Amino acid sequence: MSLRESPFPNCFVEGLHAVSWGLILPCFWFLDRLIAVCMSTSLERTQRQEQECYLHPLKVFFGFILFLTLFLITAPLAFLGFLLWAPLQAARRPFSYHQEPPSRPAPAEEGERNLGFEAGANKATFGFASANLCLLPDGIARFNNLGHTQRRATAIGRSIVQGVNRPHIRIFVDSPSSCGTLSPSSSLLPGPSTTSPASYGATDPACQPPPQAHSDEDQADGAVPTTTPPKPSDSNYVVYEPCDDTEESSHSPAPVINTNHNSNQQDRKGHRNPPRALRTQGVAQRGQAGPDDVPWEVSSLFPANVDILCLEEVFDKRAAVKLTNTLGPLFNHILYDVGVYACQPPGSCSSFKFFNSGLFLASRYPVLEAQYHCFPNGRGEDALAAKGLLSAKVLVGQNQKEKKLVGYFNCTHLHAPEGEGEIRCEQLNMLTKWIQEFQVTNSKPDEVVVFDVLSGDFNFDNCSPDDSLEQRHSLFEKYRDPCRAGPGQEKPWVIGTLLEQPTLYHEDVRTPENLQRTLEREDLRKQYISSPVALDGCPMVYPELGQPWVGRRIDYILYRESSISKHCRTEIEEVTFVTQLAGLTDHIPVGLRLNVFLDSDTAQSE
């Protein structure tokens, strides 16, 4: 049974909610502009200095007077709207659901099938990504040195589509010790970036999605036409590059069958821009692969063929709608506006939620079931938002015995303030319990579970002494963190995901390519990634002698094997740190690609 799109039980209640919010919105918008006109980002301050603009104080003064007056005028209407809006929240389901039909219909025999588990193939690949976007109302986002929320939402959506909706190219270097890493940005895939931070500052053609086909105008602009590779049944390609200083490679891209049918059911008729910068790193470079090592990369584009995308801090409703409209054609199933409002629990006055949870889930696969839980132990400013856990069960396909292949995906955003690890540990206890209850309630005997993933912004890292309590939580005994060597110890290749807010617009981190180069150099990385947090009154030595400098990694994608079918096993194909949203958010998105193998002997009897 498919989910109802509207969060309200009927059109009448939905209409009342629309009327009440229409009364509140003008007052809310004027208050937002009142704050925004008084707050400038470091980028705006720099631009004023370069342009020698001396009218800004007058703009602030008159803008403050104007928006304050309009706020006071619309406040009575907003109060009436609030009296109608607040009681309606008791009848609201804690998320909205957007379902979009696929761009082209699939044949009946293939529409609900994952080709990786058809006869002769016992492997499927699933891609996941997580990103904190800081899409707060514009005035509040500026406290994090990020402005223009609506423009950023549009630019972020287009950037994600550009990265995800492209061929999956993997590059292997024969002799990394002699020639280093190969980056397609310099050898295979020319072309300037269209997703730099400047693109959200104005509505110009640079903000447009990548072109679907080359034209005469493209070549007139200096774009280098690329030959469309052979058209296989997927978008996966492997490029082998010999490391020879005297000979050029004569190898041509070889198609590789992608086992993930759902990732490839988008329309392939047009040309797609290939990735400009993709690095094959990790175990292939070090040459000394241990049993726990995993392939990893720093990429200026989102991983290709992401199946499920988890976003955090999409608090602004208009920004959520923009993201939904942009991502909808690629991710046909989206859960947004997730969370509760007003007094929680309903009828009480213990906690009032001004903002939703900020969670946003986009999936290529149909969502069979979804459930949201709100953390009841928020404190301080964090208690104003309905942070919690969103759990979803998705339909991946069917096996040969017509049993449904399903997956579980959970996303969360934990308590933020430093020094309050006890609250985060309580929330970890709650989400572990809620995930288990959700899976027990919604599991069916005729289903095969192929993945169980937990992702989100945990607001603690695995290197800060101040976060030692969370680092030892039992959650990490149930779910595997591919970046973690143990409590308080990261693997040497890991990169922190929390950027320093005052330096978001420095040249070294302002564009995806510059941020990529910065993250690859430890001496530069430590200038822009947040440092670990020390315990109060205790000096901290970081990093330990002989250990690399990692920084705070607070964005996670974990997976669990104990809860999937006994005939399935998982293998990490790749971990990705993404720089494509440079200048658009203060976090570095992360990606995880899992290979799932189904026992060929028992698959036939499933």
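Along the sequence shown, residues are numbered consecutively beginning with 1. Quick caveat: nothing in here was measured; it's all calculated off a predicted structure.
- Looking at D307 and Y365, their side chains come closer than 4.5 Å, going by heavy atoms from C-beta outward.
- Under the side-chain hydrogen bond (donor to acceptor under 3.5 Å, both in side chains) criterion, Q150 pairs with D316, not counting sequence neighbours.
- Side chains of H148 and E44: a donor-acceptor N/O pair is present below 3.5 angstrom, by distance only.
- D466 approaches G419 most closely through the heavy-atom pair OD2-N, 3.0 Å.
- Looking only at side-chain heavy atoms (C-beta outward), T41 and R142 come within less than 4.5 Å of each other.
- Open room surrounds CG on D536; 12 or fewer heavy atoms of other groups in view lie less than 6.0 Å from it.
- Judged purely by atom type and a 3.5 angstrom limit, R552 has no side-chain atom pairing as donor or acceptor with the backbone of I529.
- Side chain of R472 to main chain of S468: a donor-acceptor pair is present (N/O by atom type, distance under 3.5 Å, no hydrogens or angles).
- Taking the centre of each ring, F128 and F451 come in below the 6.0 Å mark.
- For the atom pair OG (S130) and CG (D457), the distance works out to 7.5 Å, reported to the nearest 0.5 Å.
- Side-chain N/O atoms of H473 and N429 include a donor and acceptor closer than 3.5 Å.
- Between T585 and L146, the shortest heavy-atom contact is CA-CD1, 3.9 Å.
- Between the side chain of K387 and the backbone N or O of L414, at least one donor-acceptor pair lies under 3.5 Å.
- Taking CG of L133 as the reference point, atom CG of L581 lies at 6.5 Å (rounded to 0.5 Å).
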Legend entry - Derivation and outcome, side chain to side chain contact (heavy atoms under 4.5 Å, CB included), residues L3 and F95: CA-CA 11 Å; L3 296 174; F95 57 83; 4.2 Å; yes
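- Between H413 and F315, the ring planes are tilted. Angles from 30° to 60° get that label.
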Inset, instruction - Please lay out, stage by stage, how K393 and E369 fare under the test salt bridge (Lys or Arg N to Asp or Glu O under 4.0 Å). - result: CA-CA 5 Å; K393 176 183 176 182; E369 302 288 346; over 6 Å; no
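- Distance alone, capped at 3.5 Å, is enough to place a donor-acceptor pair between the T497 side chain and the I554 backbone.
- The distance from atom CD of Q580 to atom OG of S300, rounded to the nearest 0.5 Å, is 7.0 Å.
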Legend entry - Residues I334, L327; criterion side chain to side chain contact (heavy atoms under 4.5 Å, CB included); working and verdict: CA-CA 9 Å; I334 295 178; L327 299 178; 4.2 Å; yes
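- Here the CD1-OG1 distance, from I588 to T576, works out to 13.0 Å after rounding to the nearest 0.5 Å.
- The OG atom of S565 sits 6.5 Å away from the CG atom of L598 when rounded to the nearest 0.5 Å.
- Side-chain atoms of Q89 never come within 3.5 Å of backbone atoms of V340 as a donor-acceptor pair (strictly under, hydrogens ignored).
- Between L475 and L431, the closest side-chain pair of non-hydrogen atoms falls below 4.5 Å.
- A salt bridge links R553 to D481: one of the charged nitrogens lies within less than 4.0 Å of a carboxylate oxygen.
- A distance-only check finds a donor-acceptor pair linking the side chain of N462 to the backbone of Q489 [under 3.5 Å].
- Here the side chains of V533 and F460 are not in contact, with every heavy-atom distance at 4.5 Å or above.
- Cation-pi geometry between R92 and Y341 is not met: the NZ or CZ atom fails to fall both under 6.0 Å from the ring centre and inside 45° of the normal.
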Inset, instruction - Under the side chain to side chain donor-acceptor pair (under 3.5 Å) rule, what do Y505 and R510 come out as? Steps first, then yes or no, please. - result: CA-CA 5 Å; Y505 305 107; R510 188 174 174 181; over 6 Å; no
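- A donor-acceptor pair is defined here as one N or O able to donate and one able to accept, closer than 3.5 Å; such a pair exists between the side chain of T149 and the backbone of L136.
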Inset, instruction - Please lay out, stage by stage, how N442 and Q371 fare under the test side chain to side chain donor-acceptor pair (under 3.5 Å). - result: CA-CA 10 Å; N442 294 288; Q371 188 175 54; 5.5 Å; no
Legend entry - Derivation of the side chain to side chain donor-acceptor pair (under 3.5 Å) call for T579 and Q516: CA-CA 6 Å; T579 65; Q516 181 190 23; 5.3 Å; no
Hey, can you pull the donor-acceptor pairs under 3.5 Å for the side chains in residues 420-427, sequence neighbours left out?
residue	atom	partner	partner atom	Å
E420	OE1	H415	NE2	2.4
R424	NE	E470	OE2	2.8
R424	NH1	H415	O	3.0
R424	NH1	P417	O	2.8
R424	NH2	E470	OE2	3.2
E426	OE1	N377	ND2	3.0
Q427	OE1	H415	N	2.9
Q427	NE2	N377	OD1	3.1

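- Remark: the backbone N or O of G378 is not paired with any side-chain donor or acceptor of D382 at under 3.5 angstrom.
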Inset, instruction - Walk me through it: do F126 and I308 pass the test side chain to side chain contact (heavy atoms under 4.5 Å, CB included)? - result: CA-CA 8 Å; F126 303 97; I308 300 181; over 6 Å; no
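- Heavy atoms only, all atoms of each residue included: C568 and V448 are closest at SG-CG1, 4.2 Å.
- In this structure, S455 and F409 approach most closely via the heavy-atom pair OG-CZ, 3.3 Å.
- Checking side-chain atoms of N410 against main-chain N and O of S391 turns up no donor-acceptor pair under 3.5 Å.
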Inset, instruction - Could you walk me through whether Y528 and L515 pass side chain to side chain contact (heavy atoms under 4.5 Å, CB included), step by step? - result: CA-CA 9 Å; Y528 299 102; L515 179 56; 5.9 Å; no
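- Aromatic ring centroids of Y556 and F458 lie under 6.0 Å apart.
- No side-chain donor from either of T518 and D508 sits under 3.5 Å from a side-chain acceptor of the other.
- The nearest pair of heavy atoms linking F438 to A370 is CE1-C, 4.2 Å.
- Within the 6.0 Å centre-distance limit, the rings of F354 and F352 are counted as a close aromatic pair.
- Within the 4.5 Å cutoff, side-chain heavy atoms of R560 are placed close to those of I435.
- With rounding to the nearest 0.5 angstrom, the CZ atom of F355 is 11.0 Å from the CD atom of E313.
- Minimum heavy-atom separation, P376 to W434: CD-CH2, 4.4 Å.
- For the pair F476/P487, no side-chain contact is recorded, criterion being any heavy-atom separation below 4.5 Å from C-beta on.
- Taking the side-chain contact (heavy atoms from CB on, under 4.5 Å) definition, one finds that Y542 meets it with C463, P532, M540, W549, V550, sequence neighbours left out.
- Residues S357 and Y372 meet the side-chain proximity criterion, which asks for heavy atoms closer than 4.5 Å.
- Side-chain contact between L359 and E312 is present, with heavy atoms from C-beta onward closer than 4.5 Å.
- When atom types are taken as modelled, the side chain of S464 and the backbone of D461 share no donor-acceptor pair closer than 3.5 angstrom.
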